[in-house]
Every structure is written in structure tokens, then in C-alpha cells.
Amino acid sequence: MNIKALNGFKDILPGEVELWQRLEAVARDIFARFNFFEIRLPILEKTDLFARAIGEATDIVEKEMYTFVDKQVTMRPEATASLLRAYIEHGLHVQKPVQRLFTIGPMFRHERPQKGRLRQFHQMDVEVLGSVSPRVDAEMMAMGAMLLGELGLFVSLELNSLGCPVCRPGFRTSLLAFLDDRHRALCDDCKRRSATNPLRVLDCKNPKCREQVLEAPSLQDHLCADCADHFRGVQEGLGQLGVQYSLNKFMVRGLDYYTRTTFEFITSDLGAQAAVGAGGRYDGLVEQLGGPSVPGIGFALGMERLVLLLQQKEDKIAVSGIDLFVAAIGEQSSRHAFGLAHALRTSGMRVAMDLEGRSLKSQMKQAGKLGAAHVLILGEDELAAGKAVLRNMATKQQQEIVLQEEGKMVQTLILQLKSL
RNA sequence: GUGAAUGUAGCUCAGCUGGUGGUAGCACUUGGUUGUGGUCCAAGAAGUCGUGGGUUCGAGUCCCAUCAUUCACCCCA
């Protein structure tokens, strides 16, 4: 019986995990600069939460959720629903009129895995609740762009406005009329979509549909006065902050809750999984979930996809080395070194030693691989003479050190490591 | 859920029209240096050739099934 990880579930091993740590460190730094606070959320929620937030008719809810049917609970397929549930449950709108929150963690969707798409994947999710200001929208995108920029990634930003419950029905009607005229020319999926979710036809990848849809009415032309004002404000803000973007009238969202601003960070380097980050405004959602009437906007970054891009850059991540390797020869020395290494670690140093009784040569090799700055060699001869040899691995300089009682020895070594 | 490709050492891969599993690279262990790393050299260890059937004197190689992986569709971050 050979047990392997589940299809679509991955181990992140040493060597790759450093990239994840760097990604998270950069992200946390930038989120802090923009005054966002972390919130940690459970992975399991009532199934109903996702059905109501994401939309009963979406693919995610219809066929991709990991649900314990008997318990009516589901492993979260995205973060926004859980975050809003917590926001409402704890009355966060009362504590602050505008809440800026982020969360980082695994999400679960039962899809067929492929490049940049796993069944357990990780997102960094950022949300602002309580503001309708178009500057917030612009700021969110600027923050995303800054994050990607500081990671050294070149990703483009696409922007659209989906309108609101006031203007979208009108657009829908004219879109439906347009699609009806060309029903025959559409692919089978789009024939179905015309009935269920006509907006989706706009971003069908089938070339035939794309051609048909080129002349389709544009959402941007059907916005009501308020939405048009808002959309103008967003673009003005982006311009002021120097964020590069392009308008894409065909971009719609797969989740039902989006209104007005939607955007995607897109790369051409990941095959079919072009979106490394996406989000938008969801002004009615909090209320729809039983909370106060509070507007919101958020976006999520796909961490696997960002890590793939970082790997493609092939920047070598310097593995942070250790301070000291204690090399001992013989049982007596090894016993002495065992205690000394522990004392050094207690005082805050990164220390390694070999516990397998290997040759000095082998121990030196290990020290080299671990990136040890120094090696303390404790041989039988040295021990007998009450001494040890300290070697600087970079300069190859060595110097003798008189062995002392452990506490003093630690002090001496800390000083010597700086000077040698 | 649909389609295609691929499964040989821990990893990356050779292995032609069936004839004893590789002086292959990386990684690992040991040695060259009786006690000194990164380079170099040598040796060593490591495999039910995904699994199960079939064809054949003989299958890693051909056929069937099955499982897994990958890419794409779909969907999405």
C-alpha cells in the first residue's frame, strides 16, 4: 500500500518553501503600509454561507465544493464569504466605519488540476468594507500592482465596470437581444450561457464567439449616472497613482456578487491560468448575507501562480546559513560539543553539529552545505590540550581558542565569531 | 465532467526495428588528504521499468485494461 498525496494536493518542500516565505513577507509588509489588518478565518463553514454569497448557479457552488453532506459544512472555496460572515458576526462595522482586512490561507475547489490550478490552493485576500469611494478601488489596484512590482513580476492590469442593480438589467436586455440575433453562430456552451448567465458569453474563449461578441453592446456604455461617475473616479485615481491598466469591456466575473469595478492582474507566462489576481466591488453582498448595508471591495491573489512566476525568474534565493558548525572527533569531544552546541543555541545562535560520528572531512562538507560561517573543531588532541580550533569558512583562517567553562565559552565564541 | 500526452534510481532523463536495466547528469555515502568544506578524481549505494493481464522461446520495448501524473477544454486565483 503506497499512500500518496491526493490528486490536486501538493507538498511544499524545503527549497520551494523559501519562495512562499518571501512572497508572504513582501505581502505582509505592503499590506501593513496600506494599513490593512490580518484576520484569520476557519476553513470550514456552513455550506449555506457559500451558496448564498457566491451564488447557487455558479460552477463553484454547483460542482466544485468539498462538502460534508451529512454535516452541511463545506471547506471554503474562497475567502470573501468567510470574511464577511466574521465581519457581520462580530459587528466589525460598529468598531470602525471602514475596515481594511486581509487573510492568507488555503482554499479548496474540486476541479481537474492543471498548471497553476490545484484543488487545495492558497490565496492572499484583501478586503475594504464600508467605503464607496472610487479612490479605495484605485488604491486596491495600486497596492496589488506595488506588490507584484516589488516581487519583480511584470503583470498587466485589466479593468471593467459591471454596473449595479440599477443599470445592469438594462444592459442585460440589450445584450440578450444582441445574442438572440446571433444565437446560431455561438458555441454550444454559449448557447446555454445565453440563458443562464449571458454576461459570461462576453469572455468566452472560443474564437467564433469572440468574433461575434466584438460588436456586442458594452457595459461601459450602459452605466447609470452614479456608476459612470464612480468608474470615472476609479480611472482618475489610477492615473494619479501612476498605475498602468487597460479597459476590457469583455471581462466579467464568475462569482455573482460583484458590482461596478472589476479587475484582473493578468500574465501571459502561465498558460491557461492567466489571472494571478482578481477582484472587484460587491456593494450589496454584506446586506444580502444579513449584515448592515455596507459596501465592499476586495481581491485575491493566487499564491501558487505567483510562486510559479517567481520560479520562472530563476532568481536564486540565498539560503540563510548558520552561524557555527561544531565539528567533533571522537566520543569525548562529541559529548563536549553536544553540550556546547546547546548552550550556543540557548544564547540565540544558529548552530549545527553531526551526531552520527562521521569523519572530520564529512563534517566539514556538511558545514559547507549548511552555509556555516564558522566551524569550531573539537578534536581529541585539542580536548586533551584544553583547546579548540575556530575556522572562518570564507577566509579559511583558523585560530586556537582555550576551552573554558560553558557559559564563558559561549561569551568567548560570540566575540571571536565577530572578529575572525 | 471532456480530450490528448506521459509513467524507467530521491530528482532530470537515455534505452533504435522485442534479445542480460544505464561508464548518463544532479543529489547521497565513502575514499584520494592516518584530522579540514565549496573545485577535481575514484569507488559505492540506490530500480517489482506505475499496476494487472495478453502476444512471444523471450516484453522496459508490442496489445488490452487499470491507476497516476501533466497539459488543454471547462471554470477560476
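Chain naming here is simple, since letters A, B, ... match the order of the sequence lines and numbering starts at 1 in each. These numbers come from the heavy atoms of this one structure, side chains and all, not from hydrogens, waters or symmetry mates.
- Distance from the side chain of Met393(A) is smallest to G37(B) among C71(B), U29(B), G37(B).
- If you take CD1 of Ile329(A) and P of U34(B), they are 11 Å apart, rounded to a whole angstrom.
- For Gln72(A) and Asp48(A), the side-chain atoms include no donor-acceptor pair closer than 3.5 Å.
- For the pair Glu304(A) CD and A77(B) C1', the computed distance is 9 Å after rounding to whole Å.
- Considering all non-hydrogen atoms of both residues, Pro106(A) and Arg76(A) come closest at O-NE, 2.8 Å.
- The separation of A42(B) from C49(B), taken at their P atoms, amounts to 30 Å, rounded to a whole angstrom.
- Remark: the separation of the C1' atoms in G15(B) and G31(B) is 32 Å, to the nearest Å.
- With the nearest nucleotide of RNA chain B identified for both Gly116(A) and Gly8(A), Gly8(A) has the one nearer the 5' end.
- Distance alone, capped at 3.5 Å, is enough to place a donor-acceptor pair between the Gln363(A) side chain and the Ala328(A) backbone.
- Separation of the C1' atoms belonging to A46(B) and A24(B) is 15 Å when rounded to the nearest angstrom.
- Base contact: Lys396(A) has a heavy atom under 4.0 Å from a base atom.
- If you take CD1 on Ile39(A) and CD on Gln99(A), they are separated by 8.0 Å, rounding to the nearest 0.5 Å.
- Between the side chain of Arg135(A) and the main chain of Gly237(A), no donor-acceptor pair closer than 3.5 Å is present.
- Between Ser362(A) and U30(B), a side-chain N or O to OP1/OP2 separation shorter than 4.0 Å is present.
- Closest of all the heavy-atom pairs between Ala79(A) and Met107(A) is CB-CE, 3.5 Å.
- Set against U36(B), A77(B), C71(B), the side chain of Arg305(A) has A77(B) as its closest nucleotide.
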With 3.5 Å as the limit, what N/O pairs link the protein to nucleotides 1-8 of chain B?
unit_1, atom_1, unit_2, atom_2, d
U2(B), O4, Arg112(A), NH1, 2.7

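- Contacts of Leu301(A) with the nucleic acid, taken as non-hydrogen atoms under 4.0 Å apart, are absent.
- Using a 4.0 Å cut-off, no side-chain N or O of Gln123(A) falls inside it from OP1 or OP2 of A77(B).
- With both ends at atom C1', the span from C16(B) to C62(B) equals 15 Å, rounded to whole Å.
- When all heavy atoms are compared, the tightest approach of Ala216(A) to Lys249(A) is O-NZ, 3.5 Å.
- Here A27(B) presents its P atom at 16 Å from CD of Gln366(A), a figure rounded to the nearest Å.
- The NZ atom of Lys365(A) sits 12 Å away from the C1' atom of U33(B) (whole-angstrom rounding).
- Where Gly277(A) and Pro113(A) each meet RNA chain B at their nearest nucleotide, the meeting point lying more 5' is that of Pro113(A).
- The side chain of Ile377(A) approaches U36(B) more closely than any other nucleotide in the set U70(B), U36(B), A77(B).
- If you check the side chains of His222(A) and Ser174(A), you find a donor sitting under 3.5 Å from an acceptor.
- Residue Ala367(A) is out of contact with every strand shown, counting any heavy-atom pair closer than 4.0 Å.
- Looking at Tyr282(A) and Leu129(A), their side chains come closer than 4.5 Å, going by heavy atoms from C-beta outward.
- The side chain of Asn7(A) contributes an N or O atom lying less than 4.0 Å from OP1 or OP2 of U69(B).
- For the pair Lys10(A) and Glu16(A), the salt-bridge criterion is not met [side-chain N within less than 4.0 Å of a carboxylate O].
- RNA chain B forms stems at B:1-7 with B:67-73, B:10-12 with B:24-26, B:28-32 with B:40-44, B:50-54 with B:62-66, each a run of 3 or more consecutive Watson-Crick or G-U wobble pairs whose two key distances fall under 3.5 Å.
- Checking the phosphate oxygens (OP1, OP2) of G32(B), no side-chain nitrogen or oxygen of Lys361(A) falls inside 4.0 Å.
- Between the P atoms of U8(B) and C13(B), the separation comes to 9 Å (whole Å).
- Rounded to a whole angstrom, the distance from the P atom of U17(B) to that of U6(B) is 14 Å.
- Using a 4.0 Å cut-off between charged nitrogen and carboxylate oxygen, Glu139(A) and Arg100(A) count as a salt-bridge pair.
- Residue Lys115(A) has its side chain nearest to A72(B) when only G35(B), G38(B), A72(B) are considered.
- For Asp283(A) and Arg281(A), the salt-bridge test passes: some basic side-chain N is under 4.0 Å from an acidic carboxylate O.
- For Gln398(A) against U36(B), a side-chain N or O and a base N or O form a donor-acceptor pair under 3.5 Å.
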Extract from the structure each pairing of a protein N or O with an N or O of nucleotides 42-45 of chain B at less than 3.5 Å, listing the distance.
none

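- Taking atom CG of residue Leu360(A) and atom C1' of nucleotide G35(B), one finds them 5 Å apart after rounding to whole Å.
- Look at Ser359(A) and you won't find any side-chain N or O under 4.0 angstrom from OP1 or OP2 of U30(B).
- Nucleotides A27(B) and C64(B), compared at atom P, are 41 Å apart to the nearest Å.
- Nearest approach of Asp354(A) to Phe325(A), heavy atoms of both residues: N-CZ, 3.7 Å.
- Among the atoms of the strands shown, base atoms are found under 4.0 Å from some heavy atom of Leu118(A).
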Pair Met143(A)-Phe299(A), side chain to side chain contact (heavy atoms under 4.5 Å, CB included): steps then yes or no: CA-CA 11 Å; Met143(A) 182 171 76; Phe299(A) 74 100; 4.3 Å; yes
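- Rounded to whole Å, atom P of C28(B) lies 11 Å from atom CZ of Arg358(A).
- In this model, a side-chain donor or acceptor of Glu382(A) finds a partner on the base of G35(B) within 3.5 Å.
- The nearest whole Å value for the distance from the CD atom in Gln363(A) to the P atom in G37(B) is 12 Å.
- Residue contacts shown for Arg109(A) include a base, since a base heavy atom lies under 4.0 Å away.
- Aromatic rings of Phe102(A) and Phe36(A) (six-membered ring for Trp) have centroids beyond the 6.0 Å cut-off, not under it.
- When the P atom is compared between G58(B) and G47(B), the two are found 27 Å apart, to the nearest whole Å.
- For the pair Lys10(A) and U70(B), the criterion of a side-chain N or O lying under 4.0 Å from OP1 or OP2 is met.
- Look at CG on Leu6(A): it is 9 Å from P on U69(B), rounded to the nearest Å.
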